[in-house]
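For this chain, numbers begin at 1 and follow the sequence in order. One-based numbering, in listed order, for ligands and for the atoms of each.
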Amino acid sequence: MRIVVPAGGIGAARFLRGLRAAVPEAEVTVVGNTGDDITLFGLRICPDLDTVMYTLGGGIAEEQGWGRAEETFVVQEELTAYGVEPAWFGLGDRDLATHVVRTQMLDAGYPLSEVTAALCARWEPGVRLLPMSDDRVETHVVIEDAGGRRAIHFQEYWVRHRASMPALEVVAVGADRSRPGPGVLDAIESADLVLLPPSNPVVSIGTILSVPGLRAAFEATSAPVVGLSPIVDGAPVRGMADQVLAAIGVDASAAAVALHYGPQLLDGWLVDRSDADAVPVVSEAGIACRAVPLLMRDIDASAAMARAALDLAAGLVRS
Ligand code: GDP
Ligand code: CA
């Protein structure tokens, strides 16, 4: 079975680990969000691609959910001692090696897709990890503070400011001119199943869908498309996704996110048991919906979620 999963960072990576455990024989292609990418200290950093790669490759800092296990921060401390900014982005020593390799390869002319494949040769994530695009797309957030109304990089909004002020607008800069990465459209077209993991609907999945041609491809594929809600009990799990949902006028509820994706894209939607009241609302809109446990406490719980998604998909005919 060929499964395609558009993916952000933590939510996607934990789900993918469960999916791999649930159907080890499946051929999984991940379409990774690159809108979070940023250049710091001359290094190209791809947080979502790395979170997926490290999580599936066994190198993730488990509790934290991003960055490397057994990490140290000597280089960052030395940079801070020089007064070199920014200090708000956690850059571990082990992690730095990844960014050095990536930047070197990009500077030598390799596209991000080939760089990602080279990095994955070490980590063997057990999935094909494809960047959504080889073209540069960077998510910016419009805020208003003492300095007036201005756009800042998504990482600055999310990591530095912890999404503490309203996001007035979210803009994927460069998306309109970007092209799907090599292999992405083919994978979607020839998929047997598309799963939308519980990733951020705006800055992860939304950014991927903003690459021209990708939303259309997900809507046109003959494979069923089943999503899992990142909103549990009316709030994002361990996150601040409600801030960016507000920017696009979508409530932080399991039903609202499903309706935002819409029946053109989604054939099925899983909500958490605590959001069972969303089931009739979502079903009414023409999206098959079930309530199951959606908290990824461990790999077993994530695998059970993957099986629930496969089960829902099995009963669906693509409309
Ligand atoms: P990011 O790029 O690292 O922010 O990761 P994603 O976009 O892939 O996922 C972030 C989303 O994952 C957040 O909005 C959370 O609501 C969601 N999430 C995290 N853990 C869980 C979980 O255990 N269950 C569910 N349903 N969603 C989760
Ligand atoms: Ca992300």
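The angle subtended at the Ca ion (ligand 2) by OD1 of Asp48 and OD2 of Asp36 is 100°, given to the nearest 10°.
With hydrogens and angles left out, the side-chain atoms of Tyr157 and Thr139 include no donor and acceptor closer than 3.5 Å. Residues Arg44 and Thr39 have side chains that bring a donor and an acceptor to within less than 3.5 angstrom of each other. No side-chain donor-acceptor contact under 3.5 Å links Asp251 and Ser253.
Polar contact check, Pro198 against ligand 1: a nitrogen or oxygen pair lies under 3.5 Å apart. At least one N or O atom of Leu294, backbone or side chain, sits closer than 3.5 Å to an N or O atom of ligand 1. When only interatomic distances are considered, the shortest N/O to N/O separation between Pro236 and ligand 1 does not fall below 3.5 Å. For ligand 1, the polar-atom distance check against Ala12 finds a nitrogen or oxygen pair separated by under 3.5 Å. Checked by distance only, ligand 1 and Met296 come closer than 3.5 Å through their nitrogen or oxygen atoms. By the 3.5 Å distance cut-off applied to N or O atoms, Trp158 is not counted among the residues near ligand 1.
Short contacts between ligand 1 and Gly9, defined as distances under 4.0 Å to a heavy atom of the residue, involve ligand atoms 1 (P), 2 (O), 3 (O), 5 (O), 6 (P), 7 (O), 8 (O). Of all atoms in ligand 1, listed by their number and element, those nearer than 4.0 Å to a heavy atom of Val232 are 26 (N). Of all the atoms in ligand 1, the ones that sit under 4.0 Å from a non-hydrogen atom of Ala241 are 14 (O). For ligand 1 and Ser204, the ligand atoms under 4.0 Å from any heavy atom of the residue are 2 (O), 6 (P), 7 (O).
Atom 6 (P) of ligand 1 is flagged as protein-proximal [any protein heavy atom, distance under 4.0 Å].
Within the structure, the closest approach of Leu228 to ligand 1 does not fall below 4.0 Å when heavy atoms are considered. Proximity of Gly239 to ligand 1 is not established, as no heavy-atom distance is less than 4.0 Å. Contact between Thr51 and ligand 1 is absent, with no heavy atom of the residue lying under 4.0 Å from the ligand.
Both the backbone and the side chain of Val237 come within contact range of ligand 1, each with a heavy atom under 4.0 Å. Under 4.0 angstrom from ligand 1, there are no non-hydrogen atoms of Arg14. Within the 4.0 Å heavy-atom criterion, the part of Ser229 lying near ligand 1 is the backbone and not the side chain. Using a 4.0 Å cut-off between heavy atoms, Ile205 makes no contact with ligand 1 at all.
Other residues, nucleotides and ligands place more than 12 heavy atoms under 6.0 Å from the CD atom of Glu25. When the shell of 6.0 Å around CD of Glu284 is examined, it contains 12 or fewer heavy atoms from other residues, nucleotides or ligands. With a 6.0 Å radius and a threshold of 12 heavy atoms from other residues, nucleotides or ligands, Arg179 has its CZ atom at or below the threshold.
Comment: Asp93 does not engage Arg68 in a salt bridge, judged by the lack of any side-chain N to carboxylate O separation of less than 4.0 angstrom.
Among protein heavy atoms, the minimum distance from atom 16 (O) of ligand 1 is reached at Pro230 O, 2.6 Å.
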Next item on the list: Under the salt bridge (Lys or Arg N to Asp or Glu O under 4.0 Å) rule, what do Glu138 and Arg136 come out as? Steps first, then yes or no, please.
Entry: CA-CA 7 Å; Glu138 274 187 16; Arg136 193 152 158 164; 3.3 Å; yes

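Both Tyr82 and Leu40 belong to a common hydrophobic cluster when Ile, Leu, Val, Met, Phe, Trp and Tyr are linked at side-chain heavy-atom distances under 4.5 angstrom.
Remark: Arg160 is not positioned above the aromatic ring of Phe89, lacking an NZ or CZ atom under 6.0 angstrom from the ring centre and at most 45 degrees off the axis.
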